Amino acid sequence: MNLEGILVVRINRWLAIIAFVIYTPLGLSAQAASPSFMEMKFINISHRGASGHAPEHTFTSYELGKAMNGDYIEIDLQMTEDGELIALHDETIDRTTGKKGLVKDLTREEIKQLDAGSWFNEAFPEKANPEYKGLQIPTLREVFDQFGNDSKFFIETKSPDVYPEMEEKLINLLYEYNLIGGVNDSGNVIIQSFSAESLRKIHAMEESIPLIQLLSYYAPASMTDSEIEKLKEYAVGVGMHFTAANPAYVKKVKDSGLLILPYTVNEKEDMEMLLDWGVNGMFTNYPDRLDEVIRKRIERNMIHP
């Protein structure tokens with residue numbers, strides 16, 4: 001990038017920061033505030049797309065997630081031997097392709113030869129569709145080419161310690177597609193990770209991106225005040241498996257000014273329970289179910305304010 005380009009980027013960043021500051025009364029730090037993002041009553045996140053209906057992390061699954069009123073497409077990132085970011089949950093190709101191997105040992109070309117759809121037909125014969133056979137694992141670039149202009153993305157850096165410079169490649173690609181920086185809505189892209197180091201690295205490179213710290217709990221979730229303060233240095237919210245959440249935890253997290261977005265919630269009864277507790281949204285393999293739950297709650301509130 002030449003000097004003129006660098007100056008334009010820096011000016012646009014400052015304009016964006018000024019816009020964020022205007023919205024800080026909504027309860028988030030300046031780098032994460034965004035009118036459309038923060039004014040959403042509930043956030044419906046299509047987990048690996050509408051992965052309860054179609055093979056996860058395929059264009060078909062992403063398209064279904066959008067059609068079913070998912071607010072965000074969730075994308076897990078892995079990286080190939082030749083440095084290509086791809087949408088895949090596991091570090092290996094074993095579970096979803098019928099082949100074996102580590103993603104980091106395979107090239108983009110080798111990844112594109114894999115069938116990422118037939119496994120779904122075998123695992124879920126009641127949902128099988130012949131069109132799923134032969135579906136490819138998409139690269140992140142391909143996802144942005146297909147959906148970038150009118151979609152919101154919830155991106156997870158998976159196993160970033162395995163993939164050197166994953167964060168730099170992600171940020172560069174987001175800039176290339178004008179998804180961050182300038183006057184872009186900071187809620188169009190949200191990045192999450194179990195790795196605090198990865199999130200802090202991203203925060204240092206681009207403060208405007210809202211970050212979600214994923215947490216693992218093997219008992220009912222809890223959080224100290226000091227832990228909350230450390231999280232707020234770089235993150236705007238947390239995510240954990242919904243079975244670890246409880247009303248007191250949700251209240252404490254929200255009272256601190258952080259968002260809380262549990263995963264992966266597939267039954268309507270659990271969706272209702274979590275929304276009663278006050279979560280900001282959730283990840284689901286069935287965005288159509290969550291959309292129905294949300295719509296019915298809105299209708300009830302309109303009738304009984």
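When a residue number appears, it is its place in the shown sequence, counting from 1. Bear in mind the structure is a predicted one, so any value in this text is a computation, not a measurement.
- In the model, Thr157 has a side-chain atom that pairs as donor or acceptor with a side-chain atom of Ser198 under 3.5 Å.
- Looking only at atom types and distance, the side chain of Asp90 has no donor-acceptor partner in the side chain of Thr92 under 3.5 Å away.
- Side-chain contact annotation: Tyr62 with Gln146, donor-acceptor N/O pair under 3.5 Å absent.
- The environment of CD in Glu81 is crowded: more than 12 heavy-atom neighbours from other residues, nucleotides or ligands sit within 6.0 Å.
- Taking the ring axis of Tyr249 as reference, the NZ or CZ atom of Lys252 does not stay both within 45° of it and closer than 6.0 Å to the ring centre.
- A donor-acceptor pair shorter than 3.5 Å cannot be found between the side chains of Glu109 and Thr107.
- When every heavy atom of Ile171 is checked against every heavy atom of Ile202, the shortest pair comes out as CD1-CG2, 4.0 Å.
- Of all heavy-atom pairs between Ala87 and Ile137, the closest is O-CG2, 3.5 Å.
- Side-chain contact check for Ser118 and Asp115: at least one donor-acceptor pair (N or O, by modelled atom type) lies under 3.5 Å.
- Of the N and O atoms on the side chains of Gln136 and Lys112, at least one donor lies less than 3.5 Å from an acceptor on the other residue.
- No hydrogens or angles considered: a donor-acceptor pair under 3.5 Å links the side chains of Ser151 and Lys66.
- Atom CD of Glu131 has 12 or fewer neighbouring heavy atoms from other residues, nucleotides or ligands inside a 6.0 Å radius.
- The minimum heavy-atom distance linking Thr60 with Ala54 is given by the pair CG2-CB, 4.0 Å.
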How far apart are the C-alpha atoms of Tyr72 and Asn44, what are their side-chain angles, what is the distance that settles it, and do they pass the side-chain hydrogen bond (donor to acceptor under 3.5 Å, both in side chains) test?
-> CA-CA 7 Å; Tyr72 284 83; Asn44 184 344; over 6 Å; no
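- Side-chain contact, Ser193 with Ser195: no donor N or O sits under 3.5 Å from an acceptor N or O.
- The environment of NZ in Lys251 is sparse: at most 12 heavy-atom neighbours from other residues, nucleotides or ligands sit within 6.0 Å.
- No close placement of the Tyr263 and His47 rings is indicated, their centers lying 6.0 Å or farther apart.
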Report the C-alpha distance between Ser61 and Glu56 in whole Å, list the side-chain angles of each, state the deciding distance to 0.1 Å, and finish with yes or no for side-chain hydrogen bond (donor to acceptor under 3.5 Å, both in side chains).
-> CA-CA 6 Å; Ser61 184; Glu56 64 185 62; over 6 Å; no
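- Considering all non-hydrogen atoms of both residues, Lys104 and Tyr163 come closest at CB-CE2, 3.8 Å.
- The residues Glu142 and Arg108 are annotated as salt-bridged, a charged nitrogen and a carboxylate oxygen being separated by less than 4.0 angstrom.
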Any chance you could lay out the side-chain hydrogen bond (donor to acceptor under 3.5 Å, both in side chains) test for Glu267 and Tyr286, step after step, and finish with the verdict?
-> CA-CA 9 Å; Glu267 301 302 327; Tyr286 299 93; over 6 Å; no
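- Inspection of the Asp288 and His53 side chains reveals an N or O donor paired with an N or O acceptor under 3.5 Å.
- Taking the six-membered ring where the residue is Trp, the centroids of Phe147 and Phe153 are separated by 6.0 Å or more.
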